[in-house]
Engineer: 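Submitted below is the structure of interest, expressed as structure tokens.
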Amino acid sequence: MTDMTEVSAGMVPEVKSRSLWQTALIRLRKNVAAMLSIFVLGFLGLCGIFGPMIAPHDYAEVYPAYVKVPASISAYPRADDVIPEAQSALRRARLDLELVEMNGEVLTVIGTSERGVDERVTRYLDRSDLFTNARVVEVSDDGNRIEMQADVDRLYFLFGTDANGRDLFSRVLISLRVSLGIGLLAAGVALVIGVLYGATAGFLGGRTDNMMMRVVDVLYSLPFIFFVILLVVFFGRNVVLMFIAVGCVEWLDMARIVRGQTLSLRRREFVQAAEALGVGSGAILKRHIIPNTLGTVIIYMTLLIPKVILLESFLSFLGLGVQEPLTSLGVLISEGAKNMQNAPDMLIFPALTLTILLFALNFLGDGLRDALDPKDR
Amino acid sequence: MLSYAIRRLLGAIPTLFFIITAAFFMMRLAPGGPFDQERALEATVMANLNATFGLDEPLWKQYVIYLGNLVRGDMGPSFVYRDLKVHQILAIGLPVSIKLGGMALALAMLVGSALGSIAALRQNSAVDYGVIAVATFGITIPNFVVAPVLLLVFALYFDIFPAGGLNGWQSYVLPVIALSLPQIAVVARLIRGAMIEALRSDHVRTARAYGLPTRMIVIKHALRAACLPAISYMGPAAAALLTGSIVVEQIFGIPGIGRYFVQGALNRDYTLVMGTVIVVALFVVIFNLIVDLLYALLDPRVRYD
């Protein structure tokens, strides 16, 4: 008996489903927008995973000398800024500056003081973000005159810096990681709950189905934003927990879709055949129903991820999501919106990143729908 | 039709009751209370405050009292905005939100259906692709990106419209656009899809055979069928628009009720949160009803008798 079920359950759907997936793949390959989206998503995913490791700056490192500098592919500091910055760095050193000059990458400063010069004044230069390796070249015999040199530290801020002087490029990379991670996590939770709930309701049918779906209806009619804000109130400072909770809210659509599919699958011959062979409900669900709903579920999942990313960005925008110094695209956009008057880069780059990410996910979702759902074409 | 509407409204009462109950208890389950501050209040002060607002009663009793007051139309005092009752707060903010949302709604319907119809009439032309591109853009980009960018371009860079507040008609332009853009996109997409189908349908072909002018056919016959999906989408969307958008109101500094959703919950302002939840739920119920009635009006096959 069990042997027979295994044969019938193992052979038939596999052959059928493989051809379905193959045709779907062929259709997907023809869809330029979807294929391009896959590459873009792959690239953004790699950026999120490996970007923060190879980024030139730590996402939380603050450069007080470079607050809100504009995006640039050439290095900071600018040649014109070096000397004024050196002067201002040495202002507290109580030196009369005789000479401040740049020679290539090396800054030379000659200062005098009537009360004698302490050799430790070099630390004023080191303390600035612009200079490293400040050293004393020569101290005059009476100790009132000092010549020192420092190397100019060349830093690259491809996307500029934020209001605290943190490198925006590194912050965009880490926020990609956070946003994608949260999107996948919450969508995964929604997927598991939604599929199990929907398949169970649809498969059991009758009164149980009715009850289970009424619960979904009531949850539907609660204002969504209220739900989310309540979750924030509960889980406040723990973003991971919060988005597991968001996943627990987002499963409603998934449950409805899967239930609908299950209702129709249940009447199909292969399910009846499995039932006639005495396969248990759980096994039928696992073996026949859920794999057959997978196409729709995958489509919905690709559309759910951007939804969750948007939600996270929205919450972070309101200041309820990811907390400093960690960051997400929503946080960066919200900061950008506050500073757009004097630092438009802070808004443009995160907004552009989010837009590209959402576009790619949406195009891929549409492409998958076209590929997997032959009725729609 | 009238009796149907009344029956529907009565049928919504259990739903509203469920929502109110769920919201009430979920809010109370959340840790913290409305009078918690950085430095804890003195125990007696706290006890007095709790007694004044009836928070010292057992939860079920508070619930019964709240429901009783609600039936009499009293939403209770706000815990945080001490001098105001919840209905006063809502009475100040809601008209602003409704005005803004109503304009956005009207704009979305008009522009969305116009774009969608034009795209459908010239299917697969450059115009069509243009509309699809704009619609995809509008759906994808969230309004907390659109709104600051609009501000940046039109208020700061070109200085055409004011950057915030509500003084004169100019100050409505940017928020209305930011609010309606995603809706325009969805409506245009829905109308385009339905219009392409409607233009191929028998009744439109018959109208063409009668020799009616294209404009007549499109507006009177095709659009009537094509706007059904858009209308069922717009029902819940309208409820969301009219009850205030948190993001747009925050960015443009508009004193609507959107902000109370967030602030109320964060301050544990129990009554205010309940007030906003009830307002949203009422709008959802009402707009679902309006959608169903519009359906009957537009599609003669739908009957509610």
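Numbers restart at 1 for each chain; the letters A, B, ... are given by sequence-line order, proteins then strands. What you see is a predicted model, and the numbers here were worked out from it, not measured in a lab.
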Engineer: What part of Leu354(A) lies closer than 4.5 angstrom to a heavy atom of chain B: side chain, backbone, both or neither?
Structural biologist: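 It is the side chain, since no backbone atom gets that close.
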Engineer: If you count every heavy atom of other residues, nucleotides or ligands that lies below 6.0 Å from Phe43(A) atom CZ, does the total exceed 12?
Structural biologist: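 No, CZ of Phe43(A) has 12 or fewer neighbouring heavy atoms, counting only those of other groups under 6.0 Å.
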Engineer: If we define contacts as heavy-atom pairs under 4.5 Å, which of Ala351(A), Ser313(A), Pro344(A) has the most with chain B?
Structural biologist: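 Sorted descending by pairs with chain B, the first entry is Ser313(A).
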Engineer: Please classify the contact of Leu358(A) with chain B as side chain, backbone, both or neither, using a heavy-atom distance under 4.5 Å.
Structural biologist: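 Contact with chain B: backbone and side chain both.
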Engineer: Report yes if some heavy atom in the side chain of Asn362(A) is under 4.5 Å from a heavy atom in the side chain of Thr136(B); otherwise report no.
Structural biologist: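 Answer no - side chains too far apart.
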Engineer: Considering only heavy atoms, which portion of Val273(B) lies under 4.5 Å from any heavy atom of chain A: side chain, backbone, both, or neither?
Structural biologist: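 The answer is the side chain of Val273(B).
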Engineer: Which atoms of Leu310(A) are under 4.5 Å from chain B, going by heavy atoms: the side chain, the backbone, both sets, or neither?
Structural biologist: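 Answer is both: backbone and side chain atoms of Leu310(A) are under 4.5 Å from chain B.
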Engineer: Does atom CD of Gln263(B) have more than 12 heavy-atom neighbours from other groups under 6.0 Å away?
Structural biologist: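 Check passes, neighbour count above 12.
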Engineer: Counting only heavy atoms from other residues, nucleotides and ligands, does the tally under 6.0 Å from CZ of Phe137(B) exceed 12?
Structural biologist: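 Atom CZ in Phe137(B) is not crowded, with 12 or fewer foreign heavy atoms closer than 6.0 Å.
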Engineer: Which answer fits Ser334(A), side chain, backbone, both or neither, if we ask what part of it has an atom under 4.5 Å from a heavy atom of chain B?
Structural biologist: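 The answer is neither part of Ser334(A).
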Engineer: Kindly check if the number of other-residue, nucleotide or ligand heavy atoms within 6.0 Å of CZ (Arg28(B)) is above 12?
Structural biologist: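 Counting neighbours around CZ of Arg28(B), more than 12 heavy atoms of other residues, nucleotides or ligands fall under 6.0 Å, so yes.
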Engineer: Heavy-atom distance under 4.5 Å to chain A: side chain of Ile251(B), backbone, both or neither?
Structural biologist: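 Looking at Ile251(B), just its side chain touches chain A.
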Engineer: Can you name the closest pair of heavy atoms from Phe314(A) and Ile246(B) and give their distance?
Structural biologist: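 Answer, listing the atom of Phe314(A) first, then Ile246(B): CZ-CD1, 4.1 Å.
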